[in-house]
*Asks:* 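Before I ask anything, here is the structure I am working with.
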Amino acid sequence: MIKVTAGADAPERCSQAFTVAAVAVASGVEVSLWLTGESVWFALPGKAAEFELPHAAPLPELIDGIRAGGGAITVCTQCAARRGIEQKDLIDGAGISGAQVFVSEIMPEGVQALVY
């Protein structure tokens, strides 16, 4: 479980979360990536392409790698609602869920949760 709490407002932290998620998926780790706060914008088509950080992998490539490797991408219900984002607005493979689903995903034995 990787929870991203920052977007373009904290680019290094944001990029680090997506990078760790992509590397984990590429290494065969089952990954659930949760987008909260300003990071939810990256679940909309084209928004990741607007993100730039020198010496960092392009966000669209990281997202593609996460999705191609079977990683789940979930947008926080409240964060989406505050920004007027609905399920129909999201990239393929992303969903919207709330705290109850987040808690159910982090509680099983052996689950590691990283928050950026």
Side-chain angles (χ1 to χ4, degrees):
M1 166 71 68
I2 298 174
K3 184 176 184 181
V4 190
T5 62
D9 56 327
E12 288 179 309
R13 192 164 31 123
C14 176
S15 178
Q16 190 174 36
F18 281 93
T19 300
V20 168
V23 169
V25 167
S27 299
V29 176
E30 186 178 330
V31 172
S32 179
L33 180 67
W34 278 71
L35 308 180
T36 66
E38 289 298 297
S39 71
V40 302
W41 293 114
F42 301 128
L44 275 65
K47 288 294 188 178
E50 298 172 7
F51 180 86
E52 292 186 20
L53 182 63
H55 309 290
L59 211 52
E61 290 179 19
L62 296 173
I63 292 170
D64 288 346
I66 293 165
R67 293 189 302 171
I73 299 177
T74 306
V75 172
C76 160
T77 300
Q78 292 180 10
C79 300
R82 281 190 281 274
R83 291 161 180 82
I85 298 171
E86 298 177 5
Q87 179 64 48
K88 66 178 176 58
D89 302 321
L90 302 182
I91 58 176
D92 290 339
I96 297 176
S97 290
Q100 69 280 11
V101 175
F102 179 83
V103 170
S104 73
E105 287 189 15
I106 63 168
M107 293 309 296
E109 188 172 327
V111 172
Q112 296 289 318
L114 304 173
V115 179
Y116 288 89

*Asks:* Between Phe51 and Ser15, is the side-chain contact (heavy atoms from CB on, under 4.5 Å) condition met? List the steps.
*Replies:* CA-CA 9 Å; Phe51 180 86; Ser15 178; 4.2 Å; yes
*Asks:* Under the side-chain contact (heavy atoms from CB on, under 4.5 Å) rule, what do Tyr116 and Ser39 come out as? Steps first, then yes or no, please.
*Replies:* CA-CA 10 Å; Tyr116 288 89; Ser39 71; over 6 Å; no
*Asks:* Could you pull out the closest heavy-atom pair between Cys79 and Gly37, with the gap in Å?
*Replies:* SG-N, 3.2 Å
*Asks:* Tell me whether Val25 is reachable from Val23 by hopping between hydrophobic residues (I, L, V, M, F, W, Y) whose side-chain heavy atoms are closer than 4.5 Å.
*Replies:*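 No, Val23 does not connect to Val25 through the hydrophobic network.
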*Asks:* In Å, rounded to the nearest 0.5 Å, how long is the span from CD1 of Ile106 to CD of Gln112?
*Replies:*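 These two atoms lie 11.5 Å from each other.
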*Asks:* Using 0.5 Å steps for rounding, measure from the CD atom of Gln100 to the OG1 atom of Thr77.
*Replies:* 6.5 Å
*Asks:* Does Gln87 reach the main-chain N or O of Ala94 with its side chain, forming a donor-acceptor pair under 3.5 Å?
*Replies:* yes
*Asks:* Let me check something: do Leu114 and Val4 share a hydrophobic cluster, defined by ILVMFWY side-chain heavy atoms less than 4.5 Å apart, either directly or through other members?
*Replies:* yes
*Asks:* Run through Leu33, Thr36, Leu35, Thr74 and flag the one making a side-chain contact (heavy atoms from CB on, under 4.5 Å) with Lys3.
*Replies:* Thr36
*Asks:* Working to the nearest 0.5 Å, report the span between CD1 of Ile91 and CD1 of Ile73.
*Replies:*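 The CD1 atom of Ile91 sits 4.5 Å away from the CD1 atom of Ile73.
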*Asks:* Would Ile96 and Trp41 show up in the same hydrophobic cluster when neighbours are defined by side-chain heavy atoms closer than 4.5 Å?
*Replies:* yes
*Asks:* Enumerate, atom names and distances included, each donor-acceptor pair closer than 3.5 Å involving a side-chain atom of residues 54-67, sequence neighbours excluded.
*Replies:*
from, atom 1, to, atom 2, distance (Å)
Asp64, OD1, Arg67, NH2, 3.1
Arg67, NH1, Asp92, O, 2.7

*Asks:* Mind checking the OG-CH2 spacing from Ser97 to Trp34? Nearest 0.5 Å is all I need.
*Replies:*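 The OG atom of Ser97 sits 5.0 Å away from the CH2 atom of Trp34.
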*Asks:* Kindly compute the distance separating NZ (Lys47) from CD1 (Ile85), expressed to the nearest 0.5 Å.
*Replies:* 8.5 Å
